[in-house]
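Shown next, in structure tokens, is the structure this report addresses.
Indexing begins at 1, ligand by ligand and atom by atom, following the structure's order. In this chain, numbering begins with 1 at the start of the sequence shown.
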Amino acid sequence: MTTDHASLPRPLRVVGISGSLQSPSRTTTLVREIVDEVGRRLPIEQTVSEVATLGPALGGALRRDQVAPEAELALELIEGADLLVAASPVYRASFTGLFKHLFDFVGQYALVGKPVLVAATGGGERHALILEHQLRPLFGFFQALTLPVGVYASDSDFREYELASAEVSARITQAVSRSLPLIEQAALVERSAYISTW
Ligand SMILES: Cc1cc2nc3c(=O)[nH]c(=O)nc-3n(C[C@H](O)[C@H](O)[C@H](O)COP(=O)(O)O)c2cc1C
């Protein structure tokens, strides 16, 4: 199923989240590559938030009303997005603690039906199943629309924090291509539901 892009009344709000604790970061590079690919295919407004930057605004908060303004803004962007690109480096076989801490503050029903493209980076290939065993269950909890193809890259796929792998680039293209009809459909459904409440 394809949708005429002209039927989208405004650019889609695409929000990337990088769970890396460092900058520069391979994960942030991967997020930006995916968001840029979406932007080549659809009219978008993009924001990329990095946990590495938000950390001090986030780490000490035990409740949402304690997070600093920049972290609150990141949470509101996540909740208001038309598409999330959610990525983390693998830390001890899972996403980073601060990535989870950020999503612990997201409203329980704020992501229902929202398309989420999951991605991860790791030191090697062995933990590529973080996509299936860690990230998909998290967004399953939120009742999000986790998109069919995720993207995983290893440290050897990067050179100086730039993506240097034709295979990973092809995977990004495939992930976005498979996702486009679902992203557009979700945006239209969301808007028609909104209009019907007027
Ligand atoms: C504390 C820590 C734990 C890590 N644990 C794993 C792991 O379990 N599996 C793995 O493949 N890589 C692991 N790594 C490697 C990182 O996932 C990998 O270098 C990643 O590309 C870093 O992404 P970044 O540049 O965005 O921070 C770990 C790195 C750190 C610092």
Side-chain angles (χ1 to χ4, degrees), residues 14-40 44 46-62 67-68 70-71 73-75 77-78 81 83-106 111 115-142 144 146-147 149-176 179:
V14 179
V15 175
I17 303 293
S18 167
S20 174
L21 303 193
Q22 62 173 358
S23 185
S25 147
R26 299 168 191 88
T27 311
T28 305
T29 297
L30 188 61
V31 169
R32 291 191 190 284
E33 292 279 344
I34 296 168
V35 170
D36 287 349
E37 178 62 15
V38 177
R40 283 190 281 275
I44 67 167
Q46 60 167 283
T47 316
V48 175
S49 296
E50 298 174 62
V51 162
T53 313
L54 296 176
L58 184 66
L62 301 180
V67 304
E70 53 268 47
L73 177 62
L75 290 164
L77 285 168
I78 289 171
L83 166 67
L84 282 184
V85 177
S88 177
V90 189
Y91 271 19
R92 307 289 186 256
S94 187
F95 31 65
T96 63
L98 271 181
F99 175 88
K100 179 63 162 53
H101 198 50
L102 178 68
F103 279 95
D104 284 348
F105 291 134
V106 170
L111 307 186
V116 181
L117 199 159
V118 293
T121 65
E125 298 291 336
R126 288 191 188 88
H127 282 141
L129 284 173
I130 181 181
L131 297 176
E132 314 304 329
H133 294 173
Q134 306 286 332
L135 286 160
R136 283 189 191 278
L138 174 63
F139 292 105
F141 162 82
F142 282 111
T146 312
L147 293 165
V149 182
V151 182
Y152 182 87
S154 302
D155 286 357
S156 60
D157 293 318
F158 297 85
R159 225 162 277 131
E160 301 293 325
Y161 295 94
E162 293 297 321
L163 188 60
S165 160
E167 285 88 355
V168 175
S169 295
R171 180 74 172 176
I172 291 171
T173 304
Q174 183 196 45
V176 172
S179 300

Per the salt bridge (charged side-chain N to carboxylate O under 4.0 Å, His left out) rule, what does the pair list look like for residues 19-35, sequence neighbours excluded?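 Pairs touching residues 19-35 that pass the test: R26-D155, R32-E50.
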Is there a donor-acceptor pair under 3.5 Å between the side chain of T173 and the backbone N or O of S169?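 Answer holds: yes.
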Any donor-acceptor N/O pair, H101 side chain to A61 backbone, under 3.5 Å: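 Present.
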With S94 via side chain to side chain contact (heavy atoms under 4.5 Å, CB included) - residues at least two apart: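 With sequence neighbours excluded, S94 shows a side chain to side chain contact (heavy atoms under 4.5 Å, CB included) to Q134, given in chain and number order.
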Under 3.5 Å, N/O to N/O: give me all the pairs between ligand 1 and the protein, one per line with atom names and distance.
| residue | atom | partner | partner atom | Å |
| --- | --- | --- | --- | --- |
| ligand 1 | 5 (N) | V90 | O | 3.3 |
| ligand 1 | 5 (N) | R92 | N | 3.0 |
| ligand 1 | 8 (O) | R92 | N | 3.2 |
| ligand 1 | 8 (O) | A93 | N | 3.0 |
| ligand 1 | 8 (O) | H127 | ND1 | 3.4 |
| ligand 1 | 9 (N) | H127 | ND1 | 2.7 |
| ligand 1 | 11 (O) | G123 | N | 3.1 |
| ligand 1 | 12 (N) | G123 | N | 3.0 |
| ligand 1 | 14 (N) | V90 | O | 3.2 |
| ligand 1 | 17 (O) | V90 | N | 3.4 |
| ligand 1 | 17 (O) | V90 | O | 2.6 |
| ligand 1 | 19 (O) | D155 | OD1 | 3.1 |
| ligand 1 | 19 (O) | D155 | OD2 | 2.8 |
| ligand 1 | 21 (O) | T121 | OG1 | 3.2 |
| ligand 1 | 21 (O) | D155 | OD1 | 2.5 |
| ligand 1 | 23 (O) | T121 | OG1 | 3.3 |
| ligand 1 | 25 (O) | Q22 | NE2 | 2.9 |
| ligand 1 | 25 (O) | R26 | N | 2.9 |
| ligand 1 | 25 (O) | R26 | NH1 | 3.0 |
| ligand 1 | 26 (O) | S20 | OG | 3.2 |
| ligand 1 | 26 (O) | S25 | OG | 2.6 |
| ligand 1 | 26 (O) | R26 | N | 3.2 |
| ligand 1 | 26 (O) | T27 | N | 2.9 |
| ligand 1 | 26 (O) | T27 | OG1 | 2.6 |
| ligand 1 | 27 (O) | S20 | OG | 2.7 |
| ligand 1 | 27 (O) | Q22 | NE2 | 3.0 |

Under 3.5 Å donor-acceptor pairs involving side-chain atoms of residues 116-127, not counting sequence neighbours:
| residue | atom | partner | partner atom | Å |
| --- | --- | --- | --- | --- |
| T121 | OG1 | T27 | OG1 | 2.8 |
| E125 | OE2 | S154 | OG | 2.8 |

Would a 4.5 Å heavy-atom cut-off, applied to side chains only, mark I172 and D36 as touching?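 The answer is no; the side chains never approach within 4.5 Å.
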